[in-house]
Amino acid sequence: MADKQHLYLVDGSAYIFRAYHRLPPLTNPEGTPVGAVYGYTTMLWKLAEDLDKADGPTHLAVVLDKSSKSFRNEIYDQYKANRPAPPEDLVPQFPLIRHATRAFSLPLIEEPDVEADDMIASYARTAARQGWDVTIVSSDKDLMQLIGTSEQGGTIDMLDTMKSARIGPEEVREKFGVPPELVGDVLALMGDSVDNIPGIFGVGPKTASKLIQDHGSLTAALDSATDMKKSKLKERLLEHRGDAELSRVLVTLKEDCPLPIAIEDMKIATIPPEPLTAFLSEHGFTSLMRRLEGGNGGPGPSTQLHPAKPQNEGEGHAPQGNRQPLPDMPDVDRSAYECVQSVEALDAWIERSFKARLVAVDTETSALDAMQAELVGISLAVGPNEACYIPLTHYTSDAGGDDMFAQRPEQIPLATALEKLKPLLESDAVLKVGQNIKYDLNVLARHDIAIAPIDDTMIVSFALDAGRSQDGIGGGHGMDELAQRHLGHTCLTFKEMCGTGKKAIPFGQVPLDRATEYAAEDADVTLRLYRHLKPRLAVEGGTRVYERVDRPLIPVVAGMERHGIRVDRDRLVGLSERFATEIARLEGEIHEIAGQEFAVGSPKQLGEILFEKMGYKGGKRGKSGQYSTDQSVLEKLDAQGAPIATKVLEWRQLAKLKSTYTDALQQAINPNTGRVHTSYSLTGAQTGRLSSTDPNLQNIPIRTEIGREIRQAFVAEPGNVLLAADYSQIELRLAAHMANVEPLREAFAAGEDIHNRTAREMFGEVDRDTRARAKTINFAILYGISRWGLAGRLGIEAEEAQDLIDTYFARFPGIQRYIVSTLETVRERGYSETLFGRKTWFPRINSKNQAERQGSERAAINAPIQGTSADIIKRAMARMGPALADAGLQPGAPDGVRMLLQVHDELVFELPEGLVDDAKPVIEQVMAEAATPAVELTVPLGIDIGTGLSWDDAH
DNA sequence: GATGTCACG
DNA sequence: GACGTACGTGACATCC
């Protein structure tokens, strides 16, 4: 024979699992996950490229598992019994593996009631007996038994395409310490937790290998036990002999299965291009398509947000049982970090990052506020302990960073470094991973760098573990906490670098050796966290919310923060003065009534004045022994005819408005932009809502006339207007949908006033009083009702409140079902879920402490509703930019439509007056249709839109 | 840093 | 028999 035949047998089922765990969750244009399919396709591709090579394939077939049952189940009912179900986003990929195989026009073997391993064994032996060479494309250790050379001179070896390693008899001996024919004996002793093969309890690979080496066979090893010295091992060998013998049968491959396709028919020639092109294009594997067209395509799937991980790293173990294995990573070694001070060194790191196709990034700055902070340095990590810090504007003298006389250590000029880094940070082919990467996005956006594509470990943690905490601590998503929790690693703290209080120094003054340890560690730890947390998303079902809702929102929210909103400072100054005068007047009157001066703002002093000195009744002490003096208490006193209570209430309102708003907002105006830039937290609220800080722009007054004057200070730039669009009654609409409450759905569909409808259902008649009570009850339902809570709100007895609740449940029966079933699910699983799959954990839902438990129950009833509402507006926000762009409305441009604020159910935009008519319908449509197509609601989402020169006028 | 209060959805 | 009563947030003042 001129050319030896060489049969390649591809263990497709094993491959897809490994590809799944190693590759990021790519999706095709239709949104189906295809990460593992992509890995599989490239592997076939590689094999196809080897067709003409010396030991390349002449024949090839793919073998898949058709069903999970085989003869092994008949002799051992526990076989593979503890296998977890495959991850939810892997399941749809199984059929695609078949499509891929057919696209390459390759023979596919899948037989019922036969495991792929047995089929591979049968084919391999048959081919080798005919003198063919055989290569098994797999890394399954069970298959290693087959390696060797037949009497007819046919060799069998294995190819691990992920490690690009050939496995022959030598490699087997290295791994097991025995030749291939004894591998089965070793496996029988050590067992296999993945397949649930028992082996001998307490015997692992090391002991098993030694026993077989010493005695030459399983039977001899087991027999030797009787003569062994007394030991744990001896006992175990004697006691579990039966397990080992059973295991020996289980690990033996069946080599005489009937062959559905003759090996001669597996010959491959040129692969016909048409089916392959169709397949590649269907799934958006564009780089492979380019290669097919003759060009030399890029390294990864360039149309995908997420390039594949490099082939030479990230090789972990397959998950064992249900345990989520810690990625195999060395301990953090800060001495391994490099301080990058030359352009050459920077170039080398940039090249490494491109090669790795995944880089963790962290920026160090002079302050916390991303809008004002100056860039001090950047750190990168491409692997555990493979991290560097690039100092940029460090200085050592007391002079400021901008001072031309400042002493500066050797550093690459800022502009040079950023010019070098920009292509990396913006490259589609390299995934940038950050911890709270929104911050880095904002800092670098000010240097004209738009980081993409991105992943964020903080957001991943939030998608997985929102609400999870142990004993009140450890529920956060900050890096130091995550490092401690998941990696058992304690990070250097910012305090250790910069000190605190008056002695604190800016990060730019930290000596480079220490700064490198701190900054590079941040990138290193981020990368490690990514490797640990990201795979959990798919396994635990967090992929959808992370990829479709939260991650796309990061650059959108970053943009909103950078836009900020214009605030009329003069107006605030005027208000502050007015409030100050009024507060002083009220304070005088209060002191006069009290008969002495005291700090009105001190609840402690006020309580003593009211309930001791003045002798009012109704003084209740809290657990701290203090009298309560909150609004409800003061209102009761007011009703009793206590003039001081009214005055204090007025004083409090004005003091609050002045300190929290009119004074503080002036301070918050950014001197460079003249606007106020809040910071949104994407992980702040456990339900999935955003929260706003520094300043909080989600609690600007609106409910009172005087408070609304503050809203009038939020204004549009000249020639522009503000547009406010809010979801009307969104939580009640969602409750009507989720609890399937027909009367409420009907009312929403008809555009009825929902509280009127509730009043009619509950009380039979609608007037101001019944509507107000109905409104209270509606909200009480959303918040998880209790008879006492409702009684307190309505000023009625608890029994009466219970009657109202009963009536409500009777009129709207779906509500009670929703509450009961929600609680059941949460008790059982530990978490609630929104319509879009966002989880919120309730670790105290089964607490023995009644108050704790009931608190969790109320929160658990509310979370799916509040969270779904949050999901919906987030989806609207993520889609808004593209929709506005399609309409030619230039989202984000100074003369286009800018989205500025989000207040839970409201979005605020700034736009040129001339664009209002065009923008309104686009905004309304995006918001109204934000749930689709993922979720089809049975209630319409109503949107109210208004415009005006101020935020107040826009309502 | 904890507590009380109050601004918002 | 005691518990402590609506869900989710953030900021400020006071006081220890």
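Numbered from 1 within each chain, the chains take letters A, B, ... in sequence-line order.
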Look at the side-chain N and O atoms of [X] and state whether any lies under 4.0 Å from the OP1 or OP2 oxygen of [N].
X	N	value
Gln729(A)	dG9(B)	no
Thr629(A)	dT5(B)	yes
Arg652(A)	dA7(B)	no
Thr704(A)	dA7(B)	no
Ser602(A)	dC15(C)	yes
Ser691(A)	dG10(C)	yes

Does the pair [X]/[Y] count as a salt bridge with the N-to-O cut at 4.0 Å?
X	Y	answer
Glu929(A)	Arg875(A)	no
Glu705(A)	Arg708(A)	yes
Asp465(A)	Arg468(A)	yes

| said: Within 45 degrees of the ring normal and closer than 6.0 Å to the centroid, is that where the cationic atom of Lys839(A) sits relative to Tyr831(A)? | reply: yes
| request: Flag this pair as yes if the NZ/CZ of Arg773(A) is under 6.0 angstrom from the six-membered ring centre of Phe763(A) and inside a 45 degree cone about the axis; otherwise no. | output: yes
[N] base / [X] side chain donor-acceptor hit below 3.5 Å:
X	N	value
Gln850(A)	dC3(C)	yes
Lys604(A)	dC15(C)	no
Arg793(A)	dA6(C)	yes
Arg703(A)	dG9(B)	yes

| query | Dot-bracket, DNA chain C: Watson-Crick or G-U, under 3.5 angstrom, [ ] crossing, | other strand? | reply | ......|||||||||.
NA contact type, [X], heavy-atom cut-off 4.0 Å: base, sugar-phosphate, or nothing?
X	answer
Ser869(A)	nothing
Asn696(A)	sugar-phosphate
Ala863(A)	nothing
Gln605(A)	sugar-phosphate
Glu906(A)	nothing
Arg689(A)	base
Thr776(A)	base
Asn849(A)	nothing
Ile861(A)	nothing
Leu790(A)	nothing

| query | Should the pair Phe812(A) and Tyr808(A) be assigned to parallel (<30°), tilted (30 to 60°) or perpendicular (>60°) ring geometry? | reply | perpendicular
| query | How are the rings of His477(A) and Phe462(A) set to each other: parallel, tilted or perpendicular (split at 30° and 60°)? | reply | perpendicular
| remark: Side-chain contact check for Pro603(A): nearest option of dA11(C), dC7(C), dG4(B) is dG4(B)
| Minimum-distance nucleotide (side-chain atoms of Lys656(A) versus dA11(C), dC7(C), dC12(C)) | dA11(C)
| task | Ignoring hydrogens and angles, tell me if any N or O in the side chain of Arg711(A) forms a donor-acceptor pair with the backbone of Pro701(A) under 3.5 Å. | result | yes
Using the [atom1] atom on both, measure [N] against [M] and round to a whole Å.
N	M	atom1	value
dC3(C)	dA7(B)	P	31 Å
dC6(B)	dA2(C)	P	31 Å
dT5(C)	dT3(B)	P	14 Å

| field | Nearest-nucleotide comparison on DNA chain C, the residue closer to the 5′ end among Ser681(A) and Ala780(A) | value | Ala780(A)
| Any side-chain heavy atom of Leu907(A) sitting closer than 4.5 Å to one from Met927(A)? | yes
| Over how many whole Å does the gap from Leu690(A) atom CG to dG10(C) atom C1' extend? | 14 Å
